[in-house]
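Data first, discussion second: the structure below is written as structure tokens.
Chain naming here is simple, since letters A, B, ... match the order of the sequence lines and numbering starts at 1 in each. What you are looking at is a predicted structure, and each value in this text was computed from that prediction instead of being measured.
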Number of protein chains: 2
Amino acid sequence: MQKITIKDIARECNVSLSTVSLVLNNNPRISEATRAKVQESVRRHNYQPNNNARGLASRSSLAVSVVVPHLGHVFADVYFGEIISGIYDQAADDGYKVMLDIANEKFLSTKEYLGLLRSRKADGMLFIGANITDEFPMEFQESAYPFLLVNHFYPKTSLNYLAMDYRESAHKAVEHLVGLGHRHIGLVRGTNTHTGIEFAEAFEDYCIELGIDPQHLHTVDGGDDWDLESGYAATQQLMQKSKKITAIMAGNDRMAIGAISYLDKKGIQIPGDISVMGVDDIHSAAFSSPSLTTIWHDLYELGKQSFKRLLALYKKEITTCQERLPVTLIVRDSTGPVSVIE
Amino acid sequence: MQKITIKDIARECNVSLSTVSLVLNNNPRISEATRAKVQESVRRHNYQPNNNARGLASRSSLAVSVVVPHLGHVFADVYFGEIISGIYDQAADDGYKVMLDIANEKFLSTKEYLGLLRSRKADGMLFIGANITDEFPMEFQESAYPFLLVNHFYPKTSLNYLAMDYRESAHKAVEHLVGLGHRHIGLVRGTNTHTGIEFAEAFEDYCIELGIDPQHLHTVDGGDDWDLESGYAATQQLMQKSKKITAIMAGNDRMAIGAISYLDKKGIQIPGDISVMGVDDIHSAAFSSPSLTTIWHDLYELGKQSFKRLLALYKKEITTCQERLPVTLIVRDSTGPVSVIE
DNA sequence: GGTTTACATTAAAAGGCTTTACCATGCAGA
DNA sequence: TCTGCATGGTAAAGCCTTTTAATGTAAACC
């Protein structure tokens, strides 16, 4: 328990502190022989460099802050779990720790998001889950601190972000549905995120571009929850708007599953009568009945890449990041050709 | 951006470094006048002490590691969200940061749980969500590092824990149901946690103690998922086991809601024909139909208290912690007196 | 008036690592 | 033989606080 330090290792190996430090940091200047000797000693003593000393000397904390919104059910969403797992794994690979922060009242009012960086508790900050109304990220526009929005963006700002390509998602979805012959399409959209809006707009635009009569395009708001209930209720609305709809596109899988459950209850065949599509490809999408056709958003990879971008920003390898990650169409059983009887 | 340090503050205020430090740490030895002067300067410059320097000097990291299991859906559970929120808020109050760790393969195989503490990246560790098969906590039995299991325990070990009082939960539930006249009772239990087992055993024991015929007590395994589906399936089993059951106790609310959905589907009246109870009092318990009678486990408070205990262990204010938190019976509409016609 | 006490402040020693500039040494090329 | 240059290693400064023992000063005591 008496803490062992770099000094102890150095003494035992008959080398200087610097040498041990260089070995620890994989500096190639040290010969293989010395390196091996030091590493062996380190292993034998279970030596772990003191993180604070390291951070102090190297002027970095080797930690990033991951900020999640203060929703009661923030974690009640596979969404966050996947992204955080990705961030975590990549951070671990790069020797970084992940610090969790919740954007609650105190966090915002005390401007802790700045304090964290000022005090070097974190080298940078990732923000997952920006509602259209979130204000604090704006303060990072002029700031030199590394800050990155994960799967969100604010139009007309210089804020860094890495997000899924919602525009491409919309295109792939439209292509798939229109390709199956659907001409009367319902869209269930979320309205509280810029990505959601982007998706809905792109979806509508591309439908029209492919020749769908705007009159045959029916959009309803799924609300802010992106939940089964939202999808259920929105589908009910859609059904009242038009009897001719043969395909329903939901802004995420959970709303899509909610849509399925409504249609199922009403005895409507999927995809015989109506096709249903989602976005994300959450685990349960493959297990709904029928299994859900969706646009796969690789959120785990998004997490990993987000961390990488943040680290690159921190190291000044890049100075800006406003990127999109590709998406994949996953065809399952919830979509099919429109039935011949028009 | 040119980092400002304690030295700058000291110079500007014409005091020594020590004075500034003492002010920062609310040491009462400093006069009001000096204190005010320093604080003003600190505020004006947005000065935040360097966390690494602070940690190095004070031999602590001011961070704790919160370890969650590596389940795909770890966060897909209000359970974790509530506890983590509690931990986070209390930690923030005490000036601590929360570091997130995931007990994945790498974390376990590289024994990072020890490395974190050795390297002083964290002052202590909280582990949420111990499956009966988790092995790594055992290594903390002889270790001097502060370690606390949150809402779990391992029988016959000296591992520190803070958990809800599942025994009391069982007692309150039994009292409630038996008090309503129920004599044929079904129990849906989870089998992969020691707390779940404890609850089930206590429930059965106390039923018998209150005079229930063991023959009239029917227990089925809800499996490891503690999910709606588990509750649904388990209830189906129960119904096959005995036609006389008038009350069903589920190990958690989600299984209880699953039970309700099964009974509902079968046209069985709740609580007219059968009463249903859960444990936890998750948000949706109040909104199920009928609203769910349950034992409230204040998980947010559990999170807060867990952090407090860990900090106390770290500061050696206590040397051990094997405590329970009280629970509360919440009577709603899913339970009622057994119907008179026997 | 001299001595305690109490209070407010400070100097200086850690704390454990990274990093830069510099020092040997050995060897190839001239 | 001498110069030049890798190569491998080291000394020492620096990172920014906390903390302890010491100092100075003013008020309180006998």
Side-chain angles (χ1 to χ4, degrees), chain A residues 1-39 41-42 45-63 95 97 115 117-121 123 315, chain B residues 1-39 41-42 45-63 95 97 115 117-121 123 315:
Chain A
M1 208 55 189
Q2 67 292 5
K3 50 222 151 197
I4 126 151
T5 75
I6 199 173
K7 212 182 263 181
D8 302 314
I9 303 293
R11 192 180 310 119
E12 174 171 299
C13 297
N14 282 316
V15 296
S16 69
L17 299 191
S18 336
T19 304
V20 178
S21 174
L22 292 173
V23 168
L24 254 31
N25 293 294
N26 292 313
N27 188 306
R29 256 196 325 194
I30 305 298
S31 70
E32 263 319 309
T34 313
R35 176 183 306 280
K37 181 171 60 176
V38 170
Q39 282 172 340
S41 172
V42 164
H45 290 88
N46 269 324
Y47 166 68
Q48 300 253 357
N50 178 307
N51 199 242
N52 285 130
R54 178 181 273 221
L56 182 58
S58 64
R59 295 149 193 74
S60 85
S61 64
L62 296 179
K97 292 305 305 171
L117 296 163
R118 284 209 192 95
S119 64
R120 292 227 167 349
K121 282 178 187 159
D123 289 347
K315 293 184 176 171
Chain B
M1 207 54 190
Q2 66 293 4
K3 49 224 151 193
I4 127 152
T5 76
I6 200 173
K7 211 183 265 182
D8 302 313
I9 303 293
R11 192 180 312 122
E12 174 171 299
C13 296
N14 283 317
V15 296
S16 70
L17 300 191
S18 334
T19 304
V20 178
S21 175
L22 292 173
V23 169
L24 255 31
N25 293 293
N26 292 313
N27 189 306
R29 261 190 326 186
I30 305 297
S31 69
E32 264 317 311
T34 313
R35 175 182 308 279
K37 182 172 58 175
V38 170
Q39 281 171 340
S41 172
V42 164
H45 290 89
N46 270 323
Y47 166 68
Q48 301 253 356
N50 179 308
N51 199 242
N52 285 130
R54 175 178 272 211
L56 181 58
S58 64
R59 294 149 193 74
S60 84
S61 64
L62 296 179
K97 294 304 305 171
L117 296 163
R118 284 210 192 96
S119 65
R120 293 227 167 352
K121 282 179 186 157
D123 290 347
K315 293 185 175 170

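- Heavy-atom distances to DNA chain D give each of I30(A) and S58(A) a nearest nucleotide, and the one nearer the 5′ end belongs to I30(A).
- Considering only side-chain atoms of T19(A), the nucleotide from dC16(D), dT10(D), dT20(D) that sits closest is dT10(D).
- Counting distance only, with no hydrogens placed and no angle test, the side-chain atoms of S18(A) and the base atoms of dA11(D) include a donor-acceptor pair under 3.5 Å.
- Pairing each heavy atom of S61(A) with each of N52(B), the nearest pair is CA-OD1, 3.8 Å.
- Positionally, the nearest nucleotide of DNA chain C for L56(A) lies more toward the 5' end than for the other of L56(A) and L22(A).
- We find that CG of N27(A) is positioned 13 Å from P of dT7(D), with the value rounded to whole Å.
- Among the atoms of the strands shown, none is found under 4.0 Å from any heavy atom of L24(B).
- Contact annotation for V15(A): backbone-only contact, meaning every heavy-atom pair under 4.0 Å involves sugar-phosphate atoms and none involves a base.
- Listed pair R54(B) / dT18(D) meets the phosphate criterion, a side-chain N or O lying under 4.0 Å from OP1 or OP2.
- Within the 4.0 angstrom heavy-atom criterion, only backbone atoms of the sugar-phosphate kind lie near N25(A); the bases stay farther away.
- Of the possible polar contacts, one joining the N25(A) side chain to the S21(A) backbone as a donor-acceptor pair under 3.5 Å is found.
- A close approach under 4.0 Å does occur between a side-chain nitrogen or oxygen of S21(B) and OP1 or OP2 of dT18(D).
- Nearest to the side chain of A53(B), among dA11(D), dC16(D), dG14(D), sits dC16(D).
- Protein chain A touches strand DNA chain C; the 5'-most and 3'-most nucleotides with an atom under 4.0 angstrom of its non-hydrogen atoms are dG16(C) to dA21(C).
- S119(B) places no side-chain N or O within 3.5 Å of a backbone atom of N51(A) that could act as its donor or acceptor partner.
- Taking every side-chain heavy atom of R29(B) into account, dA22(D) is the closest of dG9(D), dA22(D), dT17(D).
- Contacts of R59(A) with the nucleic acid, taken as non-hydrogen atoms under 4.0 Å apart, involve only primed sugar atoms and P, OP1 or OP2.
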